[in-house]
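Written out below as structure tokens is the structure these notes cover.
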Amino acid sequence: MSQHNKTDAVERPVNFIRNIINDDLANHKYERVQTRFPPEPNGYLHIGHAKSICLNFGLAEDYQGFCNLRFDDTNPSKEDLEYVEAIQKDVAWLGFEWHGEPKYSSNYFDQFYAYAVELIEKGLAYVCFLNAEEARAYRGSLTEPGKDSPYRNTSPEENLALFTKMKQGEFKEGECVLRAKIDMASSFMCLRDPALYRIRFEHHHQTGDVWCIYPMYDFAHCLSDAIEGVTHSLCTLEFQDNRRLYDWVLAHLNDFNRPDRPHQYEFSRLNLEYTVMSKRKLHQLVDDHLVSGWDDPRMPTISGLRRRGYTPASLRDFAERIGISKVDSMTGMDILEAAVRDDLNKVAPRSMAVLDPVKVVIENFEGEPLSIQAPVHPQNEAMGKREIFFGRELYIDRADFLEEAPNGKYQRLALNKEVRLRNAFIVKGERVDKDAEGNVTTIYCTYDPETLGKKPADGRKVKGVIHFVEASKALPAVFRIYDRLFTVENPVKADNFESVINTESLVVKQGFVEPGLDNSDPEKAYQFEREGYFCRDNQSGNIQVYNRTVPLRDTWSKK
RNA sequence: AGGGCUGUAGCCAAGCGGUAAGGCAUCUGGUUUUGAUCCAGUGUACCGCAGGUUCGAAUCCUGCCAGCCCUGCCA
């Protein structure tokens, strides 16, 4: 019990929130840690949510507390069951377990109502009949104080009666709201008598039609935290001002005016280069058919990244690498890509695929294709062997052949030059056939039969290695090569963000894979050697369709 | 005089008065049947700027500059 820290050897990087928690525990402000991940079910989760999920659930794990999954469902006009289901799936896929059943803010609607009544009784809330435009005018501006609503001094008794009528549906939508009575001159705009409840005759996905008044975020969120016993309520920077309202509400309710009530802390949201993170923009991409859906592999959504081939481990590692702070930052894709490569390099079986095939004929090879046992992972023998073939007709990638080697650094196939075929023999380019346009149609080679699994006996050096597939056994396959969705680092800054979409963010290629991939599983990662990490598309059915997750690191083509 | 925040290497990010961690990227060697991996090495960071306090400041104080957020009956 002496340490509130780790349960295992995993050391997570420190951040200011951990420092706060450590202090709180040391000072006995709390004796436990409880967090929550509180998505609004109005869209799919993206990698920015993954950062928050890893933070909240990670803290709960490390401090042996727990973390609730709570749907912040206070606005029935924007929310949908489709999203609550998708969100649960994504959180679970990331590998986190929420505490007990999923929670909903709507579970607490009765309690919210009772707390609203308490505020009214204390003369701290009133029913206001100013319409939306009037309320805006009364609010003042950033530099001028607002004016008190004419309904501000209604008696608690009268307000109670009015609020009851609101609940009973006796007023029209927009006719009135319940407001907190705070300070119309506050420099925090959110403290200028904020609305607590509004009228919405709307069907709610959890509570059906029992309510026609719905609480606002600022009222519902702090109360949900307090009701659940959350200790550290973590959110993003734009809620910094709202913290004053969060504190005000809890401070004025008898149940929660205690030192161990929840406290809110804000960290900066994730911004990733060459993509967008706001739900509005993501919705726009989907609705305008700029992508195939929420799970388009180019989307920064968790479902998109999953379909792209990202693993839960890689996303969690990414979250750890970028850390938590309060700086407005723009994170580079390189960190995300480094995280997947690190994971996939360790776990992905190796295979060979030719994405842009050109035929090779081995002139001195006769007979049936030869079976060869190749390692599934050259650095991990425990992963076993796989069967590949070598024969008279092969495919290699067009990019791996030039009639004439351009310089001494060139390590691929050329006429009169030797190169090793990965996992097989050394071959030498002899001559080519071309079509009318001058494109190479067939490369004729000879192979050295003494070089399977060994270097040439005469000691000659053959530096290059290229990959191939044997033609008669190869499986036709489609490859989807993905690139960044936008052409600029920060699409939000563009005048029209649709004009800055990368038209080459998806390039489809037709080629071949090894026969062993016949029944590869969707979403399972493979390394196609020298090409990158790919996974079978989860919607491709019986056709071999592979999505490129990320190419291999390339320190050579840039030179 | 509106308020709330933030400014540490190309990008993330530790540091909380004792003289700048780490990751990514970069570069250089070595190993290698993936120009990958792996291994070793590699950074003069005016710690936003200017003053001040101190034996000593990225860390404390003052002023300035820059960026982000706040006037939904959205979250």
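The sequence lines fix the lettering, A, B, ..., with proteins before strands; numbering per chain opens at 1.
Using a 4.5 Å heavy-atom threshold, the side chains of A/Tyr138 and A/Arg136 count as separate.
A/Gln264 and A/Tyr246 share no donor-acceptor pair across their side chains, judged by distance under 3.5 Å alone.
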Legend entry - Heavy-atom protein contacts under 4.0 Å, nucleotides 69-75 of chain B, coded B base, S sugar-phosphate only, - none: SBBSBBB
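Considering A/Phe109, A/Tyr126, A/Phe163, A/Tyr115 in turn, A/Phe163 is the only one that fulfils the ring pair (Phe, Tyr, Trp, His ring centres under 6.0 Å) rule with A/Tyr197.
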Residues 371-381 of chain A, side-chain donor-acceptor partners within the protein, below 3.5 Å, at least two apart:
unit_1   : atom_1 : unit_2   : atom_2 : d
A/Ser371 : OG     : A/Glu387 : OE2    : 2.5
A/Asn380 : OD1    : A/Ala382 : N      : 3.2

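Proximity of the aromatic rings of A/Tyr217 and A/Phe239 is defined here by a centroid distance below 6.0 angstrom, and this criterion is met.
For RNA chain B, the stems formed by at least three consecutive Watson-Crick or G-U pairs, with both atom-pair distances below 3.5 Å, span B:2-7 with B:65-70, B:10-12 with B:22-24, B:27-30 with B:38-41, B:48-52 with B:60-64.
Annotation for A/Thr74 and A/Pro215: closest pair CB-O, 3.3 Å, computed over non-hydrogen atoms. Closest approach of A/Cys222 to A/Leu250, counting heavy atoms only: O-CD2, 3.8 Å.
The interatomic distance linking A/Arg18 (CZ) with B/A14 (P) rounds to 12 Å, in whole Å. Atom CE of A/Met333 and atom C1' of B/A25 are 15 Å apart (whole Å).
Nucleic acid contact class of A/Gly464 (heavy atoms, under 4.0 Å, all strands): none. Nucleic acid contact for A/Lys346: none, since no nucleic acid atom lies under 4.0 Å from a heavy atom of the residue.
Taking a cutoff of 4.0 Å between a charged side-chain nitrogen and a carboxylate oxygen, A/Glu40 and A/Lys279 do not qualify as a salt bridge.
When the nucleotides B/A13, B/A14, B/G35 are ranked by their closest atom to the side chain of A/Arg412, B/G35 comes out on top.
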